Amino acid sequence: MSLAHDARIAVRPATMAQRAARIWPEINHPAAWIVAVILLIMPLIASGFFLIEIFASTLILGTMALSLMFLAGYGGMVSLMQLTIAGFSAYMVAVFGVSGNANISLGWPWWLAVPMALALATAFGTLGGALAVRTEGIYTIMITLAIGAAFYYFTNQNWAIFNGHTGINTVATPHFWGVNWRADVPFYYVVLAVAALCYFAVEYVSRAPFGLALQGVRDNPRRMAALGFNVNAHRIAAYAFASFVAALAGVLQVWNYRQISPGSVSVGACIDVLIIAVVGGITRPIGPYIGALIFVLLRTFALDFLVRLGLDGNRFRLLIGLGFLAIVFWSSDGVIGLWQRWRQRQRRGPDHSRGGRGHG
Amino acid sequence: MSRFVERHPAWALIAIIAVAILLWLVFAVWPPGLEEAIGRKRVFLNAVFNGITLGGLYFLVASGFTLIFGLMRNVNLAHGSLYLFGGYVGYAISAATGSWILSFIVAFILTALVGVLLQVIVFRRMEGQDLRQTMVTIGLSIVFADLMLWACGGNFYQIQTPNWLIGPIELPLVTAIKSSGEPVYLRYPLVRLVIFAASVVIGIAMWLALNRTRIGMIVRAGVDDRDILAATGVRIQLVFVLVFAFGAGLAGIAGVVGGTFQSLSPGEDIRFLLASLVVVIVGGMGSIPGAALGALIIGLAEQLGSVYIPTYAIVVTFLIMVLVLAIRPQGLLARR
């Protein structure tokens, strides 16, 4: 209840700012075109390391966080199991497809294994969602966290399907039309295409009748129920959609690393996805990608940076935690919120509207 | 209790039958066929005792968690960090002084102080904002986990059991009959029984304090209606600080207990946070008897599961949670 309340307060300024001029803000804005062009010609600029380790990782993590952003930002439901759904989908790709572990993998071709994985992971996420929507607010967080943790411990213990704590290695990647789709440049474009697809799908759904009804449910479930909307059905459908997005990211994840193990579905990783979404900002779909870029850059370069400052390079998590704390203390809608506030202040000099919403 | 039986006769019957079967399994000498079917009685009894004592440990963690939530609606996802912090403090004290009892006292005081700081610095600023509290405490738990990793390293620590508690004792429970006709009794570590008894005492003392004293009356009134309580002139912020300190201190004590039973290492904080989440979801948020019942159920399910169906032990605890959510979403003993 009060969680939805929080989300509403956080969202309102952003929507008010948007409503002024633009219906599709990211498309009409010149900066959006510049970003799109840069992303498209990235292989010409960046080396293989940057292309995969930084940008492809960012897009994959960002897509996982996008599914969380959709639920939290538009549905008012903070789900910590989105990474678990992605991990489940990744495991299913490894189990149904081809991998180094012939005892477990069924050896289906990728075009059969991937739809199967997507369908199963979406079903899994929808079931989890059906459980989570029975509760509200903080209880949702706890239950989804408990589901994520149960899945993590289960993968650790189960050898028949998930191969215990060693996980499944050398997962095959698709190879057709004479292209090795896991080679750096083709894979980057695959990831970019999927991420763009998910991004625009979320943008579209948020403006479609379903998305508007979902936001109505977030803001006032009782009024929506009185209007004849089936509140729980909307919430479960939101989980289904978000699960599909997360499952897509999971497929890309397993192709990226070619292996999957319990470590990649651990509780810490589930929380990382929340951090990414919150740091970027859960009010708009671009937020998770910004958050993912910051997270990946920190993960990759924090060690060198800390060592240069004369500190212990292993304190990467401390840096992430402190940065996250600073963001949630001072800006409830993440980097985007900071940016918007800064822009507003630039536009109209000293900002008076700030006092009331610093607590939102 | 009698009202529950009146309203749900079928459930009451099932519960009574289950308890009766359990009691028979514990006290009777098993017939040979049963031993062949599900293994030796000693294994079963050990699992039951481990489950009950683990439930005592879970109760210590979860009761603090649920008390803080019940009164203040504060979602403290750094509760697991308090557990681990208490454990490390207890280890340091017992290693330095050799006194096990002293380590409990110091761990309680220090974690209670951390709790006071948390309440004053963090939670007082964001009353009633569940989402922000959750985020901030998640951030804090990451920071605490890394600071503790920095200070204590990634090693496993175990707190030394004091001499007067070392070693098993024989319980008057027959596990088997030797071929000579002589009964074999169960031997079980004394320290776990003592700690379980202590957690029962703490639980009963908490229940009495909440239900029979003036402080408890204030706390219960605060759980029900905070604003009216504040309007009657109670210094509610002081009550909040005290309850938070007490709940945090309980987590610290549980850390010392956990360090004696099991071991302390990075990652235990998340494990115990999740355990307390599941326990309070099953038992009902904000209810001390609920925490006790949930802790017992989860502890037993975990231990019996890990003995009889090792692959699916986690799934069993999870299934219990799902079942409770499906039947009573507010938890078994919640009042609402």
Side-chain angles (χ1 to χ4, degrees), chain A residues 1-7 9-10 72 76 78 80 127 131-132 134-135 137-139 141-143 145-160 164 266-268 271-272 274-275 278 282 312 314-329 332 359-360, chain B residues 69 73-75 77 80 122 125-147 149-150 154 266-267 269-271 273-278 280-282 285 302 305-306 309-319 321-322 325-326 328-331:
Chain A
M1 183 180 71
S2 56
L3 178 68
H5 184 70
D6 283 353
I9 290 174
V78 179
L80 285 181
L127 278 178
L131 200 63
R134 294 180 62 85
T135 58
I138 180 61
Y139 297 91
I141 296 180
M142 293 185 188
I143 282 156
L145 188 63
I147 292 176
F151 184 72
Y152 164 65
Y153 288 113
F154 184 53
T155 54
N156 249 325
Q157 287 175 350
N158 184 301
W159 291 84
S266 67
V267 178
I271 290 174
D272 283 346
L274 176 74
I275 290 179
V278 170
I282 55 167
D312 186 353
N314 293 325
R315 299 280 75 82
F316 152 70
R317 305 247 358 135
L318 190 62
L319 203 64
I320 293 263
L322 287 176
F324 178 68
L325 267 183
I327 290 271
V328 285
F329 254 110
S332 54
H359 308 285
Chain B
F69 180 85
R73 304 279 143 197
N74 277 351
V75 192
L77 291 190
V122 179
R125 291 169 169 225
M126 36 189 85
E127 251 172 52
Q129 301 171 34
D130 286 356
L131 183 61
R132 272 188 86 199
Q133 287 178 359
T134 313
M135 303 286 181
V136 168
T137 48
I138 284 178
L140 280 175
S141 71
I142 293 170
V143 170
F144 286 160
D146 206 66
L147 286 177
L149 183 67
W150 198 354
D269 48 349
I270 298 234
R271 213 191 109 210
L273 172 67
L274 289 165
S276 44
L277 284 185
V278 174
V280 296
I281 288 173
V282 168
M285 274 297 229
E302 234 183 85
S306 67
I309 35 172
T311 311
Y312 300 99
I314 292 294
V315 182
V316 171
T317 46
F318 179 66
L319 277 181
M321 193 184 90
V322 170
L325 279 173
R328 252 180 93 83
Q330 71 274 45

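We name chains A, B, ... by the order of the sequence lines, and we start the count at 1 in each one. Note that this is a predicted model, so its numbers are computed, not measured.
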Between [X] and chain B, which part of the residue has a heavy atom less than 4.5 Å away: side chain, backbone, both or neither?
{"X": "A:Leu145", "result": "both"}
{"X": "A:Ile147", "result": "both"}
{"X": "A:Leu322", "result": "both"}

> What closest approach, in Å, do B:Ile142 and A:Gly321 show between heavy atoms, and which atom pair accounts for it?
Replying inline: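 In this case the closest contact between B:Ile142 and A:Gly321 is CG2-CA, 3.9 Å.
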> How close do A:Tyr153 and B:Arg271 get, heavy atom to heavy atom, and via which atoms?
Replying inline: OH-CG, 3.5 Å
> A:Ile143, A:Ile320, A:Leu325, A:Asn156: which one forms the most heavy-atom pairs within less than 4.5 Å of chain B?
Replying inline: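 Maximum pair count with chain B is reached by A:Leu325.
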> Who among A:Leu319, A:Ile275, A:Leu131 has the most heavy-atom pairs with chain B under 4.5 Å?
Replying inline: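 Of the options given, most contacts go to A:Leu131.
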>> Given heavy-atom pairs under 4.5 angstrom as the criterion, report whether the side chain, backbone, both or neither of B:Val278 touches chain A.
In response: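 The side chain, not the backbone.
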> Does the pair A:Ile327 and B:Met135 meet the rule for a side chain to side chain contact (heavy atoms under 4.5 Å, CB included), with working shown?
Replying inline: CA-CA 10 Å; A:Ile327 290 271; B:Met135 303 286 181; over 6 Å; no
> Once you round to the nearest 0.5 Å, how far does CG of B:Leu77 lie from CG of A:Leu80?
Replying inline: 8.5 Å
> With a 4.5 Å heavy-atom cut-off, do A:Val267 and B:Leu273 have their side chains touching?
Replying inline: no
>> Just so I know, are the side chains of B:Ile138 and A:Leu274 near enough to count as touching, which here means a heavy-atom distance under 4.5 Å?
In response: yes
